[in-house]
Amino acid sequence: MRAGHGLVAVALVTVALVGGCAGGSPTSLPTNTAKYTEPPLPAKVIPVLTDSPTPTAAAPQCGDPTASLRPTGLGSAAGGPTIDAIRARGRLVVGLDAGSNLFSFRDPTSGAIVGFDADIAREIARDLLGSPDLIEYRTLGSADRERALQNRDVDLVAKTMTINCERRQKVTFSTVYYRSNQRVLAMKNSGINGIADLAGKRVCIVRGTTSLDHMRHDQPAATILTVPTWADCLVVLQQRQVDAASTDDSILAGLAAQDPYTAVVGDSISVEPYGIGIPKGDDDLVRFVNGTLERIRHDGTWDRIYRQWLSLLGPSPGPPAPNYAD
Ligand code: GLU
C-alpha cells in the first residue's frame, strides 16, 4: 500500500524531469502529463449490490447460542473419538487468519504465527498433546470458516469467530473466550464518528461475517465493498476507495495500530462473543477445549495473553464467564 504510493510519487517526479529536459529552455516549466489512475483494488473485491436482499431480523432461533458443554477434565484420561484421533496424528490442525494483527499473524522476525487467537490455540495443544507447538495452521478467510469445519479440513477454528444461532446450525462452539463489539474505523478528522455517519458513504467489510449482516441491517444507506480479509479493508481505506471499515473493535484496533491516521469510532453496533469453532458432533473435543478455557481463566494465562496482545483496548476486563448447557 505504501509502496504503491511511493511508486506513483517516483513516476510523477520522473515525468516532471523528462518534461523539463524536453522543454528546451531550462527556465520553461515542465508540462505535467501524468494522469491520476485509481490504485488497483485488492483481488476479489465485490461490491454488495444494493438490490440484493437485505438480511431481515428473522435470524434462526436457538435459545442462548453461547451455551456449551461442560468440561470433563484435561488429563490423559480425557478421551473420545476426536481427541484420540488428534493424539494419534500428533498435531492439532487449526484454521485461522495469518494476517490479522493482534489475533493471528506472522511474527516478522521468527516467522511464527502469533497473537491472541494463536495463543488460545497453543494452550489447547498444550493440554491435548503436551506441547503448544504441535499445531499445523491452515489459513482461512472469514467466509471459509464454517465450510472448513463442515468438511473437517481443520480440527478447530480460532479466528475471531462470533457464536450465533445461524452458525450453530452448521458447526458447534466452545464457551465464549472473548467478547468484542462491532464499531467503525475511519480516517481521523474525517467527520465519521459512528454508524449514523455512514449513510451514503462507502464502507469496507469482509464477506461471510456478522459485521456485514449488521451493517446491512443497521445502515442500509451505506454502500458496501466486500473483500476477503480485514487487512484488505485497511488497504482500500488507505487508498481512499472507501470512507470507513466496520467490524469488531478488537480487529479494528489491530488495523488502527498499523496506521496512526485511522481511529476506531462510535458506540457499539453489536456484541460479538467469540468461540472456538468445532465440527458438529465432536462433543469430546468441545468438552476438552472448554476444559482448557476453564484452566486459562483461573491460572492467569488468559489475563497474561490479554495483556500481551490486547492491552491497547484498555485494562483486562477479565475472562468472560462460561455458560454451560448441561
Ligand atoms: N466476529 C465477526 C465474525 O465472526 C468478524 C470476525 C472475522 O471476520 O474474523 O463474523
Side-chain angles (χ1 to χ4, degrees), residues 42 44-46 48 55 59-60 62 65-66 68 94-105 113 115-121 137-150 154 156-185 195 203-219 224-237 242 244-256 258 264 268-278 309-310 313 320:
K44 299 189 187 155
V45 169
I46 304 175
V48 169
C62 66
T66 67
S68 186
V94 174
L96 43 60
D97 185 341
S100 177
N101 189 32
L102 306 181
F103 280 91
S104 48
F105 60 103
I113 302 272
F116 189 87
D117 276 345
D119 274 351
I120 299 277
Y137 292 112
R138 299 267 164 88
T139 302
L140 296 178
S142 300
D144 307 326
R145 294 173 292 190
E146 289 143 54
R147 199 176 43 241
L149 289 166
Q150 287 176 302
V154 295
L156 51 85
V157 165
K159 190 199 160 340
T160 53
M161 190 169 185
T162 296
I163 305 170
N164 64 21
C165 288
E166 199 177 334
R167 288 180 177 161
R168 283 203 68 147
Q169 292 183 328
K170 300 177 202 156
V171 304
T172 189
F173 287 99
S174 71
T175 52
V176 178
Y177 68 91
Y178 186 75
R179 200 166 272 117
S180 194
N181 286 274
Q182 182 174 347
R183 294 172 73 197
V184 172
L185 183 78
I195 189 169
V203 185
C204 181
I205 304 193
V206 169
R207 50 186 165 271
T209 63
T210 53
S211 322
L212 178 58
D213 296 341
H214 294 144
M215 184 57 63
R216 296 195 65 208
H217 186 261
D218 295 0
Q219 184 47 284
I224 298 172
L225 197 70
T226 68
V227 292
T229 74
W230 294 110
D232 293 324
C233 275
L234 182 59
V235 174
V236 292
L237 180 61
V242 292
S246 179
T247 185
D248 310 336
D249 52 8
S250 43
I251 296 173
L252 296 179
L255 299 180
Q258 295 172 76
V264 182
S268 170
I269 297 166
S270 68
V271 178
E272 303 291 312
Y274 293 171
I276 299 295
I278 295 173
W309 300 111
L310 302 181
L313 288 160

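Index from 1, following the sequence. When a ligand or atom number is given, it counts from 1 through the structure's own listing order. Only a predicted model underlies this, so the values are computations on that prediction, with no experimental measurement involved.
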(message) For Phe116 and Phe103, take the angle between the two ring planes, folded into 0 to 90°, and tell me which bin it lands in: parallel under 30, tilted 30 to 60, perpendicular over 60.
(response) perpendicular
Which of the atoms of ligand 1 are close to [X], meaning less than 4.0 Å from one of its heavy atoms?
| X | result |
| --- | --- |
| Lys159 | 7 (C), 8 (O), 9 (O) |
| Asp248 | 1 (N), 2 (C), 5 (C), 6 (C) |
| Ser142 | 7 (C), 8 (O), 9 (O) |
| Met161 | 4 (O) |
| Ser211 | 5 (C) |

(request) Find the distance between CG (Asp249) and CD (Gln182) and round it off to the nearest 0.5 Å. (result) 9.5 Å
(request) Mind checking the CD1-CZ spacing from Ile195 to Arg183? Nearest 0.5 Å is all I need. (result) 12.5 Å
(request) With Leu96 as reference, evaluate Ile113, Val157, Val154 under the side chain to side chain contact (heavy atoms under 4.5 Å, CB included) test and give the passing residue. (result) Ile113
(request) Identify the residue among Thr160, Thr66, Val176, Ile163 that makes a side chain to side chain contact (heavy atoms under 4.5 Å, CB included) with Tyr274. (result) Thr160
(request) Please report which non-hydrogen protein atom sits nearest to atom 2 (C) of ligand 1, along with the residue it belongs to and the distance in Å to one decimal place. (result) Thr210 OG1, 3.3 Å
(message) Can you report which non-hydrogen protein atom sits closest to atom 4 (O) of ligand 1, along with the distance?
(response) Arg167 NH1, 2.8 Å
(message) Below 4.0 Å, non-hydrogen atoms only: which portion of Ile251 touches ligand 1? Side chain, backbone, both or neither.
(response) side chain
(request) For ligand 1, indicate whether the residue Arg145 contacts it via side chain, backbone, both or neither (heavy-atom separation under 4.0 Å). (result) side chain
(message) Under 3.5 Å between any N/O of Tyr274 and any N/O of ligand 1: does that happen in this structure?
(response) no
(message) Checking Arg167 now: which residues fulfil salt bridge (Lys or Arg N to Asp or Glu O under 4.0 Å) with it, not counting sequence neighbours?
(response) Glu146
